[in-house]
2 protein chains.
Amino acid sequence: MAGKSYPGAMSASPTPPPTPSATEAAPDSEWLRLDRQICFSLNAASRAFNGVYRVILKDLGLTYPQYLVLLVLWEHGDLPVKKLGERLRLDSGTLSPLVKRLEAAGLVTRERSAHDERSVQVRLTGQGAALRERALEVPRRIAAATGFELAEIGELRERLDRLTDALDAAALAEAPGPR
Amino acid sequence: MAGKSYPGAMSASPTPPPTPSATEAAPDSEWLRLDRQICFSLNAASRAFNGVYRVILKDLGLTYPQYLVLLVLWEHGDLPVKKLGERLRLDSGTLSPLVKRLEAAGLVTRERSAHDERSVQVRLTGQGAALRERALEVPRRIAAATGFELAEIGELRERLDRLTDALDAAALAEAPGPR
DNA sequence: CACAATTAAATTGTGTACAACTAAATGGCC
DNA sequence: GGCCATTTAGTTGTACACAATTTAATTGTG
């Protein structure tokens with residue numbers, strides 16, 4: 001078995017037996033349960049999104065992270081890898097090979113900056129810039145796939161961003177590292 | 001550069017220039033913009049969660065997906081790989097190596113079922129079952145890290161699950177596969 | 001100017017995700 | 001009983017993520 005078959009892939013929100021026994025002890029089990037719901041739901045939604053993008057972006061020969069890089073370049077023009085990483089919250093370990101694949105696909109070029117030999121400038125090629133035309137229909141198809149109203153999407157986004165900020169701050173606070 | 005440093009890692013919700021020009025043309029750019037927000041926010045939140053779990057679970061020697069597998073086993077008892085996949089929405093390509101790593105860590109055993117030689121039963125070892133005790137504090141620490149009220153978490157979860165369902169359905173409809 | 005600290009990319013290694021494929025076992029159906 | 005479709009795991013190959021390390025360039029300081 002493999003691929004896209006989850007025979008029992010019932011709703012992501014099965015809400016199993018409402019609670020083993022709302023009154024009975026097991027407050028710890030409850031917590032383990034709840035916790036699974038939040039992060040798991042998030043994770044599942046993220047992967048589901050990825051699945052839809054995978055289907056839609058296949059025509060363009062892009063993966064979702066590659067599409068994100070191009071979105072940034074289309075919006076802001078050529079950028080060094082560092083800036084891309086800041087915008088996308090990705091580090092060089094992820095971006096270096098990813099950008100190389102975009103280069104191999106003929107969508108961008110990479111060259112060290114003249115002022116600062118440490119920096120690598122990522123530039124859209126004509127082909128990479130042209131791809132934007134074909135990408136214009138992607139957002140509409142994605143929005144349609146969610147079946148959400150724009151307002152609801154916005155609200156969800158606001159919460160997610162707030163969550164991300166809180167989690168980032170907590171990770172820093174929690175980290176044992178020097179601060 | 002690598003690791004956890006995003007020097008410009010400003011808020012995930014910077015809400016840049018509210019809009020290049022709310023009235024001006026560029027409805028397509030707007031869409032490209034918006035779309036990035038939804039899926040990107042989701043993706044960022046998911047990775048941020050992962051980061052917090054990574055820190056908290058390091059003591060237990062677990063990754064987040066491994067923790068999810070154990071959560072399911074703690075809750076439902078021993079299960080075949082298939083059932084694990086249904087609960088977690090993961091296929092054998094992901095679960096096979098993951099479960100093997102749990103086995104290597106001495107937390108579970110894998111053995112083919114007697115009734116059905118195709119099926120592989122994943123069983124908690126004493127050590128795996130015992131780890132639950134140490135995991136009990138994880139949810140509380142995670143909940144604290146989000147800084148969210150329980151009610152808000154629940155609401156968010158409900159939306160995410162609805163989103164996942166919609167996206168799964170859309171992926172099926174969008175897929176070129178035989179139907 | 002010299003030199004330590006910092007910075008930007010790249011590299012290495014581990015661990016998911018997932019598509020595509022393989023192999024073995026099971027279940028109908030004639 | 002023989003045979004084919006289905007089911008369950010596992011394998012292979014590609015592509016992220018990210019920690020840790022490495023290399024080269026730059027900067028700050030005395």
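Note that the structure is a prediction, hence the values are computed from the model and not measured.
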A.B. asks: Nearest whole angstrom, please: distance from the P of D:dG10 to the CG of B:Leu90.
C.D. replies: 14 Å
A.B. asks: Does A:Thr125 use its side chain to pair, donor to acceptor, with the backbone of A:Leu107 at less than 3.5 Å?
C.D. replies: yes
A.B. asks: Which atom pair, heavy atoms only, marks the closest approach of A:Arg110 to A:Val99?
C.D. replies: CD-CG1, 3.3 Å
A.B. asks: Looking only at heavy atoms, what is the nearest atom pair of A:Cys39 and B:Tyr64, with distance?
C.D. replies: SG-OH, 3.1 Å
A.B. asks: Does D:dG30 have a Watson-Crick or wobble mate here (both distances under 3.5 Å), and if so which one?
C.D. replies: C:dC1
A.B. asks: Which heavy-atom pair separates B:Leu124 from B:Asp78 by the least distance, and what is that distance?
C.D. replies: N-OD1, 3.3 Å
A.B. asks: Kindly write out the residues that satisfy side chain to side chain donor-acceptor pair (under 3.5 Å) with A:Arg118, not counting sequence neighbours, or none if the list is empty.
C.D. replies: A:Asp116
A.B. asks: Taking the minimum atom-to-atom distance to the side chain of A:Ser96, which one of D:dC18, C:dC18, C:dA10 wins?
C.D. replies: C:dA10
A.B. asks: Determine: side-chain N/O of B:Lys82 to OP1/OP2 of D:dT6, distance under 4.0 Å, yes or no.
C.D. replies: no
A.B. asks: Between the protein and nucleotides 13-16 of chain C, list the N/O to N/O atom pairs that are separated by less than 3.5 angstrom.
C.D. replies:
from, atom 1, to, atom 2, distance (Å)
C:dT16, OP1, B:Thr63, OG1, 2.6
C:dT16, OP2, B:Gln66, NE2, 2.6
C:dT16, OP2, B:Arg101, NE, 3.0
C:dT16, OP2, B:Arg101, NH2, 3.4
C:dT16, O5', B:Arg101, NH2, 3.2

A.B. asks: Could you give the distance from NZ (A:Lys82) to OG (A:Ser113), rounded to the nearest 0.5 Å?
C.D. replies: 14.0 Å
A.B. asks: Mind calculating the distance between CG (B:Leu84) and P (D:dT8) to the nearest angstrom?
C.D. replies: 13 Å
A.B. asks: If you assign each of A:Asn43 and A:Arg110 to its closest nucleotide in DNA chain C, which residue comes earlier from the 5' end?
C.D. replies: A:Arg110
A.B. asks: Which part of the nucleic acid does A:Lys100 contact within heavy-atom distance under 4.0 Å: base, sugar-phosphate only, or nothing?
C.D. replies: sugar-phosphate
A.B. asks: Any sub-3.5 Å donor-acceptor pair from B:Ser92's side-chain atoms to B:Leu95's backbone N or O?
C.D. replies: no
A.B. asks: Taking all non-hydrogen atoms of both residues, which atom of A:Ser41 and which atom of B:Arg157 are closest, and how far apart?
C.D. replies: OG-CG, 3.1 Å
A.B. asks: In residues 112-119 of chain B, what residues come within less than 4.0 Å of DNA chain C, judged by heavy atoms?
C.D. replies: B:His115, B:Asp116, B:Glu117, B:Arg118
